[in-house]
Amino acid sequence: METVTTHRASGPPAAPSDEPILEVQFDDLEQQHEASSVGMWVFLATEVMFFGGLIAAYAVYRAISPSEVALASQHLNVGLGCLNTVILLGSSLSMALAVRAAQLQSRRNLLWFLAITAALGACFLGVKAVEYYQEYREHLIPGWNFQIPAQVAAKSSSLPLDPRRFEMFFVLYFFMTGLHAFHLIVGIALVSVMALLTWRRWFSGSGETQIEVTGLYWHFVDVVWVFLYPLLYLIDVQS
Amino acid sequence: MSAMAVEFKEDYLQAYRLKSWLLTTDHKRIGLLYMATITFFFFVGGAAATIMRLELMTPKGDVLPSPDAYNRLFTMHGVVMIFFFLIPSIPAVLGNFLIPLMIGARDLAFPILNLLSWYVLMIGGSIAIGILIFGGVDTGWTFYTPFSTMFSNTMVVPAATAVFIAGFSSILTGLNFIVTVHTMRAPGMTWFRLPLFVWALYATSLIQVLGTPVLAIAVALVAVERLLHVGIFDPALGGDPILFQHLFWFYSHPAVYIMLLPSMGVVAEIVPCFSRRPIFGYKLIAFSSVAIAVLGFLVWGHHMFVSGQSMYAGMIFSFLSFMVAIPSAIKVFNWTATMYKGSVRLDTPMLYALGFIGLFTMGGLTGLMLASVAIDVHVHDTYFVVAHFHYIMVGGAVMGYLGGIHFWWPKMSGRMYSELLGKLSALTVFIGFNLTFFPQFVLGYLGMPRRYYEYPAEFQVLNVMSTAGASILAVGYVLPLAYLLFSLRRPPDAGPNPWRASGLEWQTDSPPPVHNFEEIPIVTRGPYQYSPEGAEAIDGNGDDASR
Amino acid sequence: MSGHVVSVRTNITIFVALLILLFATVGAAYLPLESLHLPLALTIAAAKAVLIGLFFMHLYYRHHLTWIVSVASLLWLGILLALTLSDYLSRGWLDIPGK
Amino acid sequence: MWNFPLFPDQASTIAKHVDALYFFALGIAGFFTAMICVLILAFAARYRRKSTADRLNPPTASRTLEIIWIGGPMLLMLTMFTWAAILFYKMYDPPVDALEVYVVGKQWMWHAQHSEGRAEINELHVPLGRPIRLTMTSQDVIHSFFIPAFRVKQDVLPGRYTTMWFEPAKIGRYHLFCAEYCGTNHSAMGGWVYVMEPVEFQQWLSQAGTGASMAEQGERLFVQYHCAGCHRGSQTVHAPRLEGVYGRPVPVQQGTEVRFTLADYRYIRDSILRPKSEVVAGYEPVMPSFEGQITEPDLLKIIAYIKSIGAKEATQ
């Protein structure tokens, strides 16, 4: 289907036709879409390695002092973590539906689903803030006024405890969930910008490539949390 | 359509407006912007090296006021040379300029992202220059903990930020190249019709994309540990300094291949052109580029044989380090075999390429000594290691880079340079380099540790020889800067294909128009269409070479 | 214009499957199987990641190149983890301090 | 001015073996570099542009050649790897009867202490012909104990013990360097290693003013820090007796199950600094932590004392 593709000469985008503008360096729309999606996937590969450094540090400390890490991870709120996972999976669903709406060029649905995704993301951050506040009240923030919780010190009569590795778990916990939260904030900003641009009809065509690329990023942030939740919260919940 | 045509013919050398350079999305201009940036950083790092060599002429420290000054000097030499010259040099300069031309595309996949990565490098670079002015860093370019986190009171956090930011420039460039090579090749340009330079740049981009983020997180952890006093790497607070070394070297060894692979690509372009023969064993060289990129990620432990790493891990890393040397050996043998039954012309690019092959072979084989654990115990952290990596990086990467600059200068600037001065500079660099770094092998095995402000008197004569060599090397590097810039004053006299090379970049005129090709060429044959018998037969513009 | 449109029904079923896997992993954490916790949690998380990747991120319908990129990034993470842990786990084997 | 050395002394038993491997590798390097250079110059000369050498059907690929120059380097590298690995293991595994010396690296000086008690700064006196085993740690940053003439080097890490051994084979005075960058006076942090005749070494060791041996100093510290109050049997506190403990596995309570850890330097040091991390089964974790109170050299002395009573049976 050799459609008439107008090369973007320069200056502001032309009136929104149903066909997206083709950048000058591409030959056809299919190649342009392919390049954007492969570009985002390669960027996600760099993000995997970025989180990978932290996961390597976590794996090392869990390997050399497993009991302290297990003991420390019991102080995380498994319930809130589970709730957060549900919220983030929900936001992934709404993001997938948003991409679908963009593919079918139904602008109203697209706007709704983007709004839901951003809202669920903000909801996740809210729950996370509650968790952080709880940990702050229990003096579990390392480097600040970190104290070994009373009942752990008492209980440790039966369990040996290296206090520095106990604190090390929280260093890694705050760094990993903090970095994830930062990526989520960037994701929410990206989704909001996409919603605004769709609402202002800025995109030439339905902006389907941009929405799909945003979706890829959002699903990646969700996959990171899918791994972080069991690794940090569910190490040893029984005792 | 006529407006497009006129704008099509105008090339970047006529447009002198600053705005057109600072806001350009043309991959050729961005390549030249990178070239200006890294030339500046090369001479900043070179100045630091000159002072270090002056200092090391005498056993007692008398050129610099204090050991601290020397420590900051070698740290800045390391940081500037590696993060701001070598890693961005060939991938960003020649890669940006040539990849779209070589694969028959109008531009890279994400032109604006390309400009962003130059600005990101400039931000990181200006922070680094700021550090240099306001006191420097004294941790060595390796930032080993717990010295960098607990005991150094210099600007470690700004240095960590500068390296963190500059890392993104490398990631974004790698991302751009991977997507461009995958999705924007000209019709008919299959993977095995790609020039070997593009294969080498593709392998480099794999390393940039997969390795740099781990350096970013390691450097970020050092900064966090300094600011918040949490003990990820500090043994007093339960951390493990070896973990930092693992994360740091996971990137920093593949980074050595980021610097080296593009030069291998350059040599794989120059040797066939000046021997008028297709490359020997094309597929093997292409696959060995990718093999180096992959195996390069498995070997970082050979930097830590004596650092308290367990013996078994040492054995694993030593074995893998030997395996990574095989693709390099294949490349060297194939380049040499390319010259057999060719018709060899020893122009400047060819001299640099042959210099590369000689020096890289010596560097690679001394690398084998460092990979064998028993020898490394003796020579680790001595001048043997300094000589080894300078043979690979200065003898290899910089020689290859200069060879590439001399080979594609007519295409970039439309002008030829004086052949006599070119040959002279190649010879000077070769002689000066060997005189500088060969004595350091002997010093290294004698046991002179690296990063020493003062050393025992018996090492002095070898150090004086090394300093003498360094002064010749400095002359050798300044020479090309002079005659290449001087060549810009004359009107363009190099036609589209002065070397009668075969490759898409030589089909369009030089300097190439804004969108490279009037119409995208159809590629029907492999990249190296050279024939020694008819060496004279190919007429001037060599356009039939690629049909 | 490109790429396969995933029907709403598929999206919903994938979402439900993900929830089931989530409750499975939380439930499994409370079962008394000491040494199996980590491998089980990782396999369930990997299953969820694959589901999200295939259907939400359109890997299932996309060009094979994106498969290679996603698998390669996990492989490199594996290299980093495996070789780093090879140092830590093999430290105590010789009873010489520090070897 | 011109009598500078070009090759280091071979002053330890391992030096000859390392040098043999080095010459083998040097031979390979020389051979291949020369081969490549000669080939390049020969081809450049014989096939220069104006020459009329025959250039008919130049080969662009040949499977046999490729196999040769993949297989050849592969074999050479496997031999080098195995030879180096065997030598590396030999350099790692200290003989049992080695002379114990304790080294503490501190920012910009080496503090060495012989088990018989004599301590020295930036110097190390060792007898000829006896294996010496160094147990080393650092008080601040990473240093590296490097004696070029013995071809040995080992990083010295804070918070951990690392070991190195060598056997001197030649009388003389040899350089001692710090090889891992450690700050301002990294280059000044070195000294000399004196290899002496065994008889001379004994005299030097028992010279006046050397004071008590390390174990005796350790015992004095053992009392001074009130370890003796609990660990030598007391009615009020239930603490394990330390006689006969060193070098044997001790049962450690790990949550519900009990696992056995070897009571070596690391375990004793961790139990002094962080007593609650590996408590012996059947005892309460009531021991206070001595982190920051006992310096590294004193720690080494206490551990040397505990090691010295390791042989005796626990006497009530």
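Each chain gets a letter, A, B and so on, in the order the sequences are listed, and its residues count up from 1.
The contact between Val42(A) and chain B is made by backbone and side chain atoms together, counting heavy-atom distances below 4.5 Å. Proximity to chain B (any heavy atom under 4.5 Å) is restricted, for Val60(A), to the side chain, taken from C-beta onward. Contacts between Asp240(B) and chain A at a heavy-atom distance below 4.5 Å involve backbone atoms as well as side-chain atoms. Only the side chain of Leu179(A) comes within contact range of chain B, with at least one heavy atom under 4.5 Å from a heavy atom of that chain. Only the side chain of Phe175(A) comes within contact range of chain B, with heavy atoms under 4.5 Å apart. Heavy-atom distances place no part of Ala218(B) under 4.5 Å from chain A, backbone and side chain included. Interface residue Leu243(B): only side-chain heavy atoms are found under 4.5 Å from chain A. Proximity to chain B (any heavy atom under 4.5 Å) is shown, for Phe170(A), by neither the backbone nor the side chain. Contact of Pro235(B) with chain A is made through the backbone alone, with heavy-atom distances under 4.5 Å. Looking at Phe244(B), neither its backbone nor its side chain comes within 4.5 Å of chain A, counting heavy atoms on both sides.
Within 6.0 Å of the CH2 atom in Trp191(B), the count of heavy atoms belonging to other residues, nucleotides or ligands exceeds 12. Within 6.0 Å of CZ on Phe182(A) lie no more than 12 heavy atoms contributed by other residues, nucleotides or ligands.
The residue among Ile520(B), Thr183(B), Leu221(B), Ile217(B) with the most heavy atom pairs within less than 4.5 Å of chain A is Ile217(B). Ranking Ile232(B), Ile171(B), Thr180(B) against chain A, the residue ahead of the rest is Ile232(B), based on heavy-atom pairs under 4.5 Å. Each of Ala56(A), Pro163(A), Ala35(A) has some count of heavy-atom pairs under 4.5 Å with chain B, and the biggest count is that of Ala35(A). Annotation: maximal heavy-atom pairing with chain A below 4.5 Å, among Leu175(B), Leu108(B), Leu113(B), occurs at Leu175(B).
Of the possible donor and acceptor atoms, one in the side chain of Arg165(A) sits under 3.5 Å from a partner among the backbone N and O of Gly238(B).
Atom CZ of Phe297(B) and atom CE of Met49(A) lie 6.5 Å apart (nearest 0.5 Å). Of the inter-residue distances, the one linking Gln32(A) atom CD with Met184(B) atom CE reads 10.0 Å to the nearest 0.5 angstrom.
In this structure, the side chains of Ile178(B) and Trp41(A) stay at 4.5 Å or more apart for every pair of heavy atoms. Put simply, the side chain of Thr212(B) does not reach to within 4.5 Å of the side chain of Thr46(A), judged on heavy atoms. Val48(A) is not listed as a side-chain neighbour of Leu210(B), based on a closest heavy-atom distance of 4.5 Å or more.
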